[in-house]
Amino acid sequence: MLNNIGLPGLLLIAVVVLVLFGRGKISGLMGEVGKGITAFKRGVSDGQKELDDDEKAESARDVTPEEKKDNA
């Protein structure tokens with residue numbers, strides 16, 4: 001369905017949206033979209049960092065040698 005819109009169709013849609021909403025509203029909307037994308041990327045990287053920290057903490061929990069564990 002969207003394969004045969006072409007460049008003239010996209011330009012027509014862009015002009016109609018610009019006329020309906022105005023330049024100021026579209027500019028504000030794009031700013032909010034940018035903030036949302038930035039927040040999403042930050043959340044993904046924070047989640048990955050948290051997972052990496054959990055893996056490091058899991059491997060660093062018990063460092064007692066096996067001989068000392070058996071004697072205790």
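Side-chain atoms are counted along with the backbone in the values below, which use heavy atoms only and exclude waters and symmetry mates. Model, not experiment: these values are computed from the prediction.
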* First locate atom CD1 of Ile26, then atom CG of Leu18, and finally report the distance between them rounded to the nearest 0.5 Å. => 5.0 Å
* Asked: Say you draw a straight line from CD1 of Ile5 to CG of Leu12; how long is it, rounded to the nearest 0.5 Å?
  -> 10.5 Å
* Under a 4.5 Å side-chain heavy-atom rule over Ile, Leu, Val, Met, Phe, Trp and Tyr, are Met30 and Leu20 clustered together? -> yes
* Check: Ser27 side chain, Arg23 main-chain N or O, donor-acceptor pair, under 3.5 Å -> no
* Asked: Distance from Ile37 atom CD1 to Arg42 atom CZ, nearest 0.5 Å?
  -> 13.0 Å
* Asked: Any chain of hydrophobic side-chain contacts (each under 4.5 Å) joining Val16 to Phe21?
  -> yes
